[in-house]
Chemist: 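Please read through the structure below; I'll follow up with questions.
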Amino acid sequence: MTPEASAWAIYGRLLGRARRYWAYLGAAAIGMMFEAASAGAFTLLMKPMVNDTFVEPDPTTRWVLPLVIVGLFVVRGIATFTTDYGMSRAGRSVVRDLRKDVLAKYLRLPSTRFDLEPVPAMVSRLNYDTEQVTQATSDAIKVLVTDSVTILVLLGVMFYSSPLVTVVMLVVAPLIAVVSAVVGRRYRKINRGIQDGVANMAQVAEQALSAQQEVKVYGAQASEQQRYDALVDRNLKLSVKVDTTRAAASSMVQTLAAVGLAVILLVAGQEAAQGRMDAGTFVSLLTAMMAMLPSLKRVTNVQSLIQKGVAAADRLFGILDEPDEPDTGTVSLVKSRGEIEFRGVGVRYPGQDAPALDNISFTAAPGTVTAIVGRSGSGKSTLIRLLPRFYEASTGSVLVDGVPVDSYRLADLRRQIAIVGQRVMLFDDSIATNIAYGQPPGTDPARIRAAAEAANATEFIDRLPGGMQGRIGENGGLLSGGQRQRLAIARAMLKDAPILILDEATAALDTESERLVQDALNRLIPDHTTLVIAHRLSTVEHADQVLVLDAGKLVEKGTHAELLARGGLYSHLHRMQFREPEAG
Ligand SMILES: Nc1ncnc2c1ncn2[C@@H]1O[C@H](COP(=O)(O)OP(=O)(O)OP(=O)(O)O)[C@@H](O)[C@H]1O
Ligand SMILES: [Mg+2]
């Protein structure tokens, strides 16, 4: 497809989305026709206005005409209102739909997609690109239809008044337009040069003045002065050039316009002499020409508006056309036993040479705790991301209850998993709503309270103004790290999923906070199959098994005591890395 053809295809798709609002569009279209028609009618009225009011006063017309004018503008006002309302309603609705669809799409995209585009860029697509699309749909259409029809109507009026004079006008007017466009371009170019020069001038002066001591000590006044002089001289030359260009341009355009008018007058006079034109017709002709100018200007500029809108729409449609997260599994799962197995799992991120995980195999029996340890970048987060299928294994398979995770329906699989991460995601809403996140509306407040209690969170919630119903500020800005963790634990308690994924905070919580969090976790962990990225000694000590990762490989596996006795990487990490809460 050529670029134009694809631009039309995109525009067509955009209009397809507007079809649902055909009633508003139809009303707007009728309004536009009335607007154009009233522009034509007004210019036609010029003839009786001149002839019957002034040239040969007619008693009836003298009273009727003012009323007609008022009536005409009332109609025009209603038409304009209808057009603007209809177009705004339809255009804004298209944008609203796009925003909803794009956000919904973003939430269905695979996690890997979020590595490619930063979130602020996504938000700007939602806000800014959709806004540009409105302009292309509503403003541009309004201009295209109203102004094109207006031009046609006015041309019709002119031809009706006098074909000959109209033809002469149509020859003379483009000449003037071309000349003024050329002059205008040159003027803008020089003007830009001056603006750059002014910035330069200011910079040189500022430098010299703020370094005045150096300038004086090095005796550099003369050279600084020279630099500034050169810039000021150039500025003088350019400024004069701008002013003279403008003066020359405007006199040239005016002279041309005068010549044009003279030619028109000559032809019109000829017509009048032969009785084919009167004063009223001439005024009506001139008015039509003048009234056409703003419409012409808007129509010639509408191109860029459409281009911007089409480019933005192209980006948005590009997002809407991206494939969703694969969800082809058919096995349904109500409540998993919580048995996890990794069978020869390897992961390679796109564009990376070394695999992030290489041939990982282990099983986690229902209700056990598996601690994952290893240096930064060893693949711990990658491993746990495979379970809810945020990322897919490149080789091998991950099984839950003996079935590969990609055989399950995605929503069913994810319902089995609760995550308490380092970054706790909170919404600017009440504590209760945050704990009940993802639960069906109308969750029993007593259950929410019980979850908060078990998570050791009521201790601080009850001290907050508003308690359970108190708001927590944007992203929980009013809460401490330990408090946020406990809210996340309460959320996981309420979800009560068979599989629990923990990513322990590396940043030190204070001793008291640490104890409350640990205590809450100890209440959450039993009955759940837990995978935990461990940073605390007590976690690894109590784990049923510890997996030691190094550069994506599973290098050691066993209990804390076994691994310590072996004296390998684990015992080394143990000495370097694990900390107890002080005086814990
Ligand atoms: N989204 C990604 N795209 C590309 N490479 C990634 C991505 N996430 C992680 N990696 C790479 O994969 C390797 C393992 O990263 P991973 O985040 O799993 O390590 P980690 O053990 O969790 O480290 P840390 O303790 O610092 O959190 C690293 O080399 C990392 O650079
Ligand atoms: Mg990590």
Side-chain angles (χ1 to χ4, degrees), residues 106-122 322-326 340 342 344-362 364 369-398 405 417-425 481 484-485 488 492 499-509 517 521 530-540 543 545-557 563 568-579:
Y106 272 144
L107 288 176
R108 286 197 311 268
L109 288 177
S111 292
T112 40
R113 175 64 171 69
F114 287 75
D115 297 337
L116 303 178
E117 190 181 14
V119 168
M122 292 181 158
E322 284 179 37
D324 287 356
E325 292 188 274
I340 298 169
F342 276 57
V345 171
V347 172
R348 187 189 293 273
Y349 286 110
Q352 301 251 320
D353 295 335
L357 284 181
D358 189 10
N359 197 20
I360 305 283
S361 298
F362 71 93
V369 175
T370 301
I372 303 160
V373 302
R375 297 191 178 94
S376 178
S378 55
K380 306 181 293 292
S381 301
T382 306
L383 191 151
I384 57 170
R385 280 184 205 138
L386 296 176
L387 215 46
R389 288 185 58 204
F390 293 148
Y391 288 80
E392 307 279 338
S394 330
T395 59
S397 53
V398 177
V405 283
I417 301 169
I419 300 183
V420 180
Q422 297 189 339
R423 281 179 30 229
V424 179
M425 174 63 190
R484 300 161 62 97
Q485 289 258 317
I499 297 172
L500 179 63
I501 294 176
L502 299 178
D503 195 350
E504 283 185 341
T506 40
L509 300 173
V517 169
L521 282 175
T530 307
L531 290 189
V532 49
I533 296 182
H535 296 288
R536 294 191 197 96
L537 185 56
S538 61
T539 311
V540 281
Q545 64 175 342
V546 180
L547 309 179
V548 185
L549 294 183
D550 193 34
K553 292 199 171 58
L554 180 55
V555 290
E556 290 174 27
K557 178 163 70 173
L563 293 178
L569 178 60
Y570 179 77
S571 66
H572 173 71
L573 287 175
H574 174 251
R575 278 197 305 278
M576 311 290 298
Q577 201 169 331
F578 294 111
R579 56 183 185 83

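Atom set for the values below is all heavy atoms of this structure, side chains included, hydrogens, waters and symmetry mates excluded. In listed order, ligands and their atoms are each counted from 1.
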Chemist: Restricting to non-hydrogen atoms, name the atom on Tyr391 and the atom on Leu386 that form the minimum distance, rounded to 0.1 Å.
Modeler: O-CD2, 3.5 Å
Chemist: Do you know how many protein N, O or S atoms are within a distance smaller than 2.8 Å of the Mg ion (ligand 2)?
Modeler: 1
Chemist: Could you tell me which residues satisfy salt bridge (charged side-chain N to carboxylate O under 4.0 Å, His left out) with Glu322, sequence neighbours excluded, listed by chain and number?
Modeler: Arg113
Chemist: Can you tell if the side chain of His574 reaches within under 4.5 Å of the side chain of Leu537, non-hydrogen atoms only?
Modeler: yes
Chemist: Could you tell me if the side chain of Tyr570 sits less than 4.5 Å from the side chain of Asp550, heavy atoms only?
Modeler: no
Chemist: Could you check whether any side-chain heavy atom of Leu383 comes within less than 4.5 Å of a side-chain heavy atom of Phe362, counting everything from C-beta outward?
Modeler: yes
Chemist: Could you list the donor-acceptor pairs under 3.5 angstrom formed by side chains in residues 345-358, with sequence neighbours left out?
Modeler:
| from | atom 1 | to | atom 2 | distance (Å) |
| --- | --- | --- | --- | --- |
| Arg348 | NH1 | Asp353 | O | 2.1 |
| Tyr349 | OH | Thr382 | OG1 | 2.9 |
| Tyr349 | OH | Arg385 | NH1 | 2.7 |
| Asp358 | OD2 | Lys553 | NZ | 3.3 |

Chemist: Which protein residues have a heavy atom closer than 4.0 Å to any atom of ligand 1, listed by chain and number?
Modeler: Asp115, Tyr349, Gln352, Ala356, Arg375, Ser376, Gly377, Ser378, Gly379, Lys380, Ser381, Thr382, Arg385, Tyr391
Chemist: Is any side-chain heavy atom of Phe390 closer than 4.5 Å to one of Ile419?
Modeler: yes
Chemist: May I ask you to decide if Leu502's main-chain N or O and Gln422's side chain share a donor-acceptor pair within less than 3.5 Å?
Modeler: no
Chemist: Within a strict 4.5 Å, meaning less than it, do heavy atoms of the Leu554 and Leu549 side chains meet?
Modeler: yes
